[in-house]
Amino acid sequence: MPITFRVRKHDHKPGIEIVEILMDGKTVACIYPEDDGRGIKVVSAHLKGSGTPGDNFQKHVKLLDNSGTMMPIPSIQMVFEPGRYVVSGGLMRRVNPSSN
C-alpha cells in the first residue's frame, strides 16, 4: 500500500493549504497548520500507532555523510490502518469489517 501526498486548499479556511496523506488513493490523514502558524497537526481517524524515538534515538537518525556523523533529527513515526469508523457521543469507534 503506497503512501502518496496531495496538497489542496482547506475547505473552511480561505488561503490555507493542507496536505492529504493517501494510501491506495484514499485519504488516511491530513496535515494542517496550527492556528498560530508556528506548528502543524496531523489528523487521522485511521491512526493505528505512533511514537517518537525517545531514549533509543540513535537508531532513528540518518547518517549525515559517510564519516558516520549522526544528525540529531527528531521524528514522529505513524502507522495508519484504513477502515470505517463512526462518531457517536463525541467518541470515535472503529467499525468491525466483518459487520459491514
Side-chain angles (χ1 to χ4, degrees):
M1 289 191 250
I3 290 186
T4 56
F5 302 91
R6 176 173 54 205
V7 176
R8 69 174 185 83
K9 300 219 180 285
H10 193 288
D11 289 338
H12 305 288
K13 294 184 179 182
I16 301 293
E17 289 185 331
I18 66 169
V19 176
E20 290 182 320
I21 301 170
L22 304 130
M23 185 178 280
D24 289 336
K26 296 181 181 174
T27 302
V28 294
C30 291
I31 302 172
Y32 297 87
E34 285 284 4
D35 291 337
D36 65 6
R38 296 177 37 181
I40 63 167
K41 58 185 166 187
V42 179
V43 179
S44 175
H46 308 287
L47 192 60
K48 179 179 179 182
S50 65
T52 58
D55 294 334
N56 195 9
F57 191 71
Q58 289 296 330
K59 73 176 190 173
H60 293 281
V61 297
K62 296 181 180 178
L63 290 177
L64 173 61
D65 54 33
N66 290 331
S67 70
T69 306
M70 303 300 270
M71 290 178 57
I73 303 172
S75 64
I76 299 171
Q77 294 81 34
M78 297 179 186
V79 177
F80 301 105
E81 184 175 43
R84 292 187 53 222
Y85 67 93
V86 295
V87 177
S88 176
L91 300 173
M92 183 188 81
R93 182 176 56 85
R94 224 172 263 294
V95 176
N96 186 339
S98 63
S99 66
N100 291 339

### Task
May I ask you to check whether over 12 heavy atoms, not counting those of Arg38, lie within 6.0 Å of atom CZ?
no
### Query
Do other residues, nucleotides or ligands put more than 12 heavy atoms under 6.0 Å from Lys26 NZ?
no
### Query
Taking the side chain from Thr27 and the backbone from Glu20, do they hold a donor-acceptor pair closer than 3.5 Å?
no
### Task
Kindly compute the distance separating CD1 (Ile21) from CD1 (Ile31), expressed to the nearest 0.5 Å.
4.0 Å
### Shortest non-hydrogen contact from Leu22 toward Phe5
CD1-C, 4.1 Å
## Note on the structure
Scanning both residues in full, the closest heavy-atom pair of His10 with Ile18 reads CD2-CG2, 3.7 Å
### Query
Do you reckon Val19 sits in the same ILVMFWY cluster as Val43, going by side-chain contacts under 4.5 Å, direct or chained?
no
#### Entry: Common cluster, Val42/Tyr32, ILVMFWY with side-chain heavy-atom separation under 4.5 Å
no
### Task
Run the numbers on Asp35 and Lys13 for side chain to side chain contact (heavy atoms under 4.5 Å, CB included), then give the verdict.
CA-CA 10 Å; Asp35 291 337; Lys13 294 184 179 182; 2.7 Å; yes
